[in-house]
Structure formats: C-alpha cells, structure tokens
Amino acid sequence: MADVGKTPVARNEKTNSEFGYVGIDAILEQMRRKAMKQGFEFNIMVVGQSGLGKSTLMNTLFKSKVSRRSLMTTEEDRIPKTIEIKSISHDIEEKGVRMKLTVIDTPGFGDQINNENCWQPIMKFINAQYEQYLQEEINIERKKRIPDSRVHCCIYFIPPTGHCLRPIDIEFMRHLSKVVNIVPVIAKADTLTLEERDFFKQKIRVDLRANEIDVYPQKEFDEDAEDRIVNEKIREMIPFAVVGSDQEYQVNGKRLLGRKTRWGIVEVENTAHCEFAYLRDLLIRTHMQNIKDITSSIHYEMYRVRRLNENNTQPNGQTAIHANSVPEHEVLSHEM
C-alpha cells in the first residue's frame, strides 16, 4: 500500500540526476584503480639492417636499458647468419604506473647477400603470437586474463640514403602492414642535411602511396573528425627522422641526451634537430592505447576470423587449429 501524502513521479517528469549527484562519473576512478592494479603490456618490434641504431633508439625512448645488447657476450652473437627473433621483457614503473614492455628484435634482417623473402620469418612470428592468443581464447577453461604477446607495433628503420625506398623496404612494409601497425623512421637522421631530409621524406611518402602501403595511423581507422585532424598532422610527418642516444651532455646548464659532432651537440629531444620527440609522443604519450586497440580489433580479429572459418570448413571434421603452432602455408598466406 502506497504511503499517504506521497505523489508518484510521472514518466515524463525530470529524472533524479537533475536533483542531486548520482555518481556515475566514479566509474572512471574505478577503471583507473583496476588498470593500475593489473598494469599494462606493450610489445614493440624493431626491424632494420645492422648499424641503424635500433637498440639505442629503444633505450632512448624508454630511458632504460631495454635493448638486447647487454645480453650479447661474443662477437659471433653480434653477426647473426640468418634472421633471428629475440624478445626481451622489462617491468617499467613510472609514477605508480606499471608496464611490462617487450622489445622484439630481428637481428640479421637485410644483412644477407640474398634478402628475397626475408620478411617471411617475421610474418611467421607475428602470426604465431596471434595463434597463441587464439588458443588461449578458445580453451574451455580459459584464463581470467590472457597474457598478451601479440606484436602491437613494428618500428621499421629506413637507412638515411636520401634517395628513395629500396625494394627490400617496399616488400617488407607491403606484406607486414597487413598484419601489424608499422611506423617507419629514418634512422640516424643527423647524417642528412635539412634539405636532404625533407626531400627524402617526400620521396618515401610518394613510394608508400604508389605501393598502397598503409602505415600507422591508417586513415580508415580514424574514429571521428577530431582523430582525423590529429592523425593527419602525424601522417604529414611520416616517416619520422630520428636520432637516438643514451649519452648525456651539458647544454646551457642542462643535462640533455644527444650526439656529439664536430659542429656541436645534436639534441635528441629538440624538435628543431630531429623528430624523436614526435615519435615518442605517438608511441607512448598519445597513441599507445589506440595502437593496442587496432592490434586487437583489426589485425588480430582478421586473423581470428580467418582461422575459425578454416576450422569450420575442414573436411571429415578435422580441426584446422593447432595448439601453439601455425602451419607454414597458412602463415605465409596471411595477406588480406
């Protein structure tokens, strides 16, 4: 029986949220606390021929010794005879935020006399990580949180020739841009004059368009007008002309990372000297979560759908999904 003297609220009357604080915005703090407890994962691959400063750039990006260089003990290790895949994981913490960073190096890429199909072992590795994640997903009793070893981003190092992309550059990015987010960079950009650098960047953009290579951030994945404006500015900068260094120098009373030359100090984080700061902002400060989202919702999803479709169309009820492995012909055919 209704309480006497209380008038029922009509459907078209104002909601309670207009009469007082409900607390819906507290969901943001709840999400933050949960994320802080779990920590974050970020897996980044570096690809390029020897001597382009891949390890140094990674150390500069994360201000930590995250390269594989410290693990090498012999000269033989430094000169791989075939393409290898080496992963090193580090736990990094900053202001209470924990992140498991995995750097995947590809020593031997582009160093052979015959580099035909040298992208295939890298393609196989990326697909193997998708397969491993898929196997965890389809388990009847799956883990509450699946460990994520998928490659979120691939930094491709272009040598500072000043001319145009080489056939090996075009072949690699044409195949791998279908399965992973690629961010191309011009390595050791301080070896080019500003005019040579601008000309080289223009030539590379022309080559990317001519070969229909979509590098990150891809136009078709812009979510709204605001994203499009921000990402267009980034696309106009690609490839980033970068300089890496883990050496500090005194400049105007400040300790700065840089490279010492006979003409002065090339300051790594000075945007008038190189575009390292823009690359760092893209990978870490503004687009890291978006890079991970595209990996999951686009690249991995394409792989997952294809594999499950193959499984459903197998004759005699045979399964097409093999635990922790990918058949060779399937790995190399993953080009959408």
Side-chain angles (χ1 to χ4, degrees), residues 27-48 53-71 85-106 122 125-126 128-130 132-133 136-137 142-157 179-183 185 215-217 221 223 227 230-231 234 240 242 244-246 248 257 268-269 275-301:
I27 187 66
L28 296 176
E29 177 60 21
Q30 295 170 40
M31 294 169 65
R32 190 192 72 83
R33 284 202 307 268
K34 183 176 181 181
M36 293 283 280
K37 286 181 181 179
Q38 291 180 340
F40 301 90
E41 296 169 310
F42 191 55
N43 308 319
I44 187 167
M45 174 181 276
V46 290
V47 179
K54 300 187 295 296
S55 298
T56 301
L57 185 67
M58 288 298 99
N59 291 341
T60 311
L61 272 172
F62 296 97
K63 297 189 185 299
S64 303
K65 296 292 183 181
V66 297
S67 74
R68 66 185 181 88
R69 185 179 298 165
S70 59
L71 299 183
I85 309 290
K86 294 189 175 183
S87 300
I88 302 177
S89 295
H90 300 266
D91 291 320
I92 299 176
E93 184 168 341
E94 185 179 61
K95 294 184 179 180
V97 178
R98 292 179 297 106
M99 183 176 74
K100 181 183 178 183
L101 171 70
T102 300
V103 178
I104 304 124
D105 198 358
T106 56
I122 299 172
F125 177 86
I126 292 172
Q129 308 316 304
Y130 289 151
Q132 183 175 323
Y133 196 89
E136 292 287 352
E137 271 196 330
R142 60 184 181 181
K143 298 174 182 176
K144 184 177 180 181
R145 189 181 183 203
I146 300 174
D148 190 358
S149 64
R150 297 171 296 183
V151 179
H152 299 127
C153 180
C154 171
I155 302 181
Y156 186 76
F157 287 70
V179 299
V180 70
N181 297 308
I182 291 183
V183 177
V185 301
V215 297
Y216 183 86
F221 303 145
E223 294 183 0
D227 275 357
V230 172
N231 290 341
I234 296 171
F240 296 101
V242 299
S245 174
D246 46 17
E248 285 191 347
L257 291 174
V268 168
E269 299 188 62
E275 296 171 336
F276 168 84
Y278 297 126
L279 174 66
R280 178 200 57 204
D281 290 352
L282 175 74
L283 294 176
I284 303 172
R285 301 185 180 182
T286 62
H287 284 64
M288 179 184 284
Q289 188 57 52
N290 183 255
I291 288 172
K292 295 179 64 175
D293 289 343
I294 288 180
T295 298
S296 181
S297 62
I298 304 297
H299 297 306
Y300 169 69
E301 188 65 15

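Throughout, residue positions are numbered sequentially from 1 according to the sequence presented. This structure is a prediction, so every number in the text was calculated from the model and none was measured.
Salt-bridge formation is not detected for the pair Lys292/Glu41: no Lys NZ or Arg NE/NH1/NH2 atom is positioned less than 4.0 Å from an Asp or Glu carboxylate oxygen. Salt-bridge check for Arg150 with Glu136: failed, with every basic side-chain N at 4.0 Å or more from each acidic carboxylate O.
Here the side chain of Thr60 pairs a donor or acceptor atom with the backbone of Ser245 at under 3.5 angstrom. Counting only distance, with no hydrogens or angles, the side chain of Asn43 and the backbone of Asp148 share a donor-acceptor pair below 3.5 Å. With hydrogens and angles ignored, the 3.5 Å screen pairs a side-chain donor or acceptor of Thr106 with a backbone N or O of Val46. Formation of a donor-acceptor pair under 3.5 Å by the His152 side chain with backbone atoms of Ile44 is not found in this model. Put simply, the side chain of Lys54 never gets that close to the backbone of Asp105: no donor and acceptor are under 3.5 Å apart. In this structure a side-chain-to-backbone donor-acceptor pair under 3.5 Å is missing from Tyr133 to Tyr300.
Using a 4.5 Å heavy-atom threshold, the side chains of Phe276 and Leu61 count as touching. Within the 4.5 Å cutoff, the side chain of Cys153 has heavy atoms near those of the Val183 side chain. In this structure, the side chains of Phe221 and Asn290 stay at 4.5 Å or more apart for every pair of heavy atoms. With contacts defined as side-chain heavy-atom distances shorter than 4.5 Å, the pair Gln132/Gln129 qualifies. Side-chain contact between Val97 and Met36 is present, with heavy atoms from C-beta onward closer than 4.5 Å. Using a 4.5 Å cut-off on side-chain heavy atoms (C-beta onward), Lys63 and Ile92 make no contact. With a 4.5 Å cut-off on side-chain heavy atoms, Val215 and Tyr156 do not count as touching. Residues Leu57 and Phe157 meet the side-chain proximity criterion, which asks for heavy atoms closer than 4.5 Å.
Among the candidates Val47, Val151, Ile88, the single residue satisfying the side-chain contact (heavy atoms from CB on, under 4.5 Å) test with Ile104 is Val151. Applying the side-chain hydrogen bond (donor to acceptor under 3.5 Å, both in side chains) test between His287 and each of Asn181, Asp293, Asn231 identifies Asn231 as the sole match.
Between Phe240 and Glu275, the shortest heavy-atom distance links the atoms CA-OE1, 3.4 Å. In terms of heavy atoms, Arg280 sits closest to Glu269 at NH1-OE1, 2.6 Å.
A 6.0 Å sphere centred on CD of Glu94 holds no more than 12 heavy atoms belonging to other residues, nucleotides or ligands. Within 6.0 Å of the CD atom in Glu29, the count of heavy atoms belonging to other residues, nucleotides or ligands exceeds 12. The environment of Tyr278 atom OH is sparse: at most 12 non-hydrogen atoms of other residues, nucleotides or ligands sit within 6.0 angstrom.
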One pair to check against side chain to side chain contact (heavy atoms under 4.5 Å, CB included): Phe125 and Met45. What are the steps and the verdict? CA-CA 11 Å; Phe125 177 86; Met45 174 181 276; 3.8 Å; yes
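Rounding to the nearest 0.5 angstrom, the gap separating the CD1 atom in Ile284 from the CZ atom in Phe62 is 4.0 Å. Here the CZ-NE2 distance, from Phe42 to His90, works out to 14.5 Å after rounding to the nearest 0.5 Å. With values rounded to the nearest 0.5 angstrom, Ile291 atom CD1 is found 8.0 Å from Thr286 atom OG1. Rounding to the nearest 0.5 Å places CZ of Arg32 at 11.0 Å from NZ of Lys37. Within the model, atoms CZ of Phe40 and CZ of Arg98 stand 9.5 Å from one another, a figure rounded to the nearest 0.5 Å. Here OG of Ser296 is found 9.5 Å from OH of Tyr130. Values are rounded to the nearest 0.5 Å.
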